[in-house]
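Below you'll find the structure, written out as structure tokens, and then a few comments.
Letters go in sequence order (proteins before strands), and every chain restarts at 1.
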Amino acid sequence: QKEVEQDPGPLSVPEGAIVSLNCTYSNSAFQYFMWYRQYSRKGPELLMYTYSSGNKEDGRFTAQVDKSSKYISLFIRDSQPSDSATYLCAMSATSGTYKYIFGTGTRLKVLA
Amino acid sequence: DAGITQSPRHKVTETGTPVTLRCHQTENHRYMYWYRQDPGHGLRLIHYSYGVKDTDKGEVSDGYSVSRSKTEDFLLTLESATSSQTSVYFCAISGRGGVTYEQYFGPGTRLTVT
């Protein structure tokens with residue numbers, strides 16, 4: 001079993017929909033959680049960073065961590081065609097570590 | 001952009017040949033990383049560096065070596081390329097201002113080993 005599991009998709013939604021992207025993990029020591037966005041043939045870029053449990057909001061994006069269920073989510077409100085990309089979750093046990101475990105990514109398509 | 005470049009961007013090489021990929025940064029980040037990205041596996045850490053001449057192994061380091069002789073450059077060498085090393089390789093940097101969790105990624109190098 002992988003430490004981090006992520007549905008590869010593709011997930012297709014109409015423009016304006018609310019999108020929910022998820023990752024599950026098995027290592028209860030993970031405390032630092034990130035979401036990256038990766039456009040086709042580009043490097044990933046950091047979208048959201050969350051420490052421990054709870055929610056964090058940034059514009060149309062909300063990151064949610066449920067450590068009791070070992071489950072993290074990224075919500076995108078009012079999705080746009082420009083949100084079409086692959087979304088990767090990443091997590092780590094400590095802030096000083098350089099070894100983040102990445103999910104395989106979920107490919108999202110927002111249809112105009 | 002975080003001032004990070006990779007070269008070459010594309011390479012086709014034959015099995016058994018050595019290959020060196022270069023990552024160059026202009027932002028004075030302390031930490032540098034090499035990842036590979038493959039379908040079904042996501043990003044996997046090959047090696048990382050936490051300072052000049054200071055490097056350590058990641059999750060999938062077999063068959064790879066790295067060197068960092070100055071802050072700006074981090075080289076990844078495939079000592080004898082194999083078809084299983086066909087992948088997209090990403091360099092990343094972090095650490096400026098003491099922030100380690102935010103990694104900035106380069107544009108990637110597509111390597112094909114025939």
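Heavy atoms closer than 4.5 Å to chain B are found in both the backbone and the side chain of A/Pro44.
If you tally non-hydrogen atom pairs under 4.5 Å between each of B/Gln6, B/His41, B/Arg110 and chain A, the highest count goes to B/Arg110. Taking A/Glu45, A/Lys42, A/Arg41, A/Gln6 one by one and counting their heavy-atom pairs under 4.5 Å with chain B, the maximum is reached by A/Arg41. With respect to chain B, the highest number of heavy-atom pairs below 4.5 Å among A/Met34, A/Lys2, A/Gln38 belongs to A/Gln38.
Put simply, the side chain of B/His47 gets close to the backbone of B/Tyr64: a donor and an acceptor are under 3.5 Å apart.
Under the 30°/60° scheme for interplanar angles, the aromatic rings of A/Phe102 and B/Tyr35 are found to stand perpendicular. Ring geometry, A/Tyr32 versus A/Tyr51: the interplanar angle falls from 30° to 60°, so the pair is classed tilted.
Among residues two or more places apart in sequence or in another chain, the salt bridge (charged side-chain N to carboxylate O under 4.0 Å, His left out) test is passed with A/Glu57 by A/Arg77.
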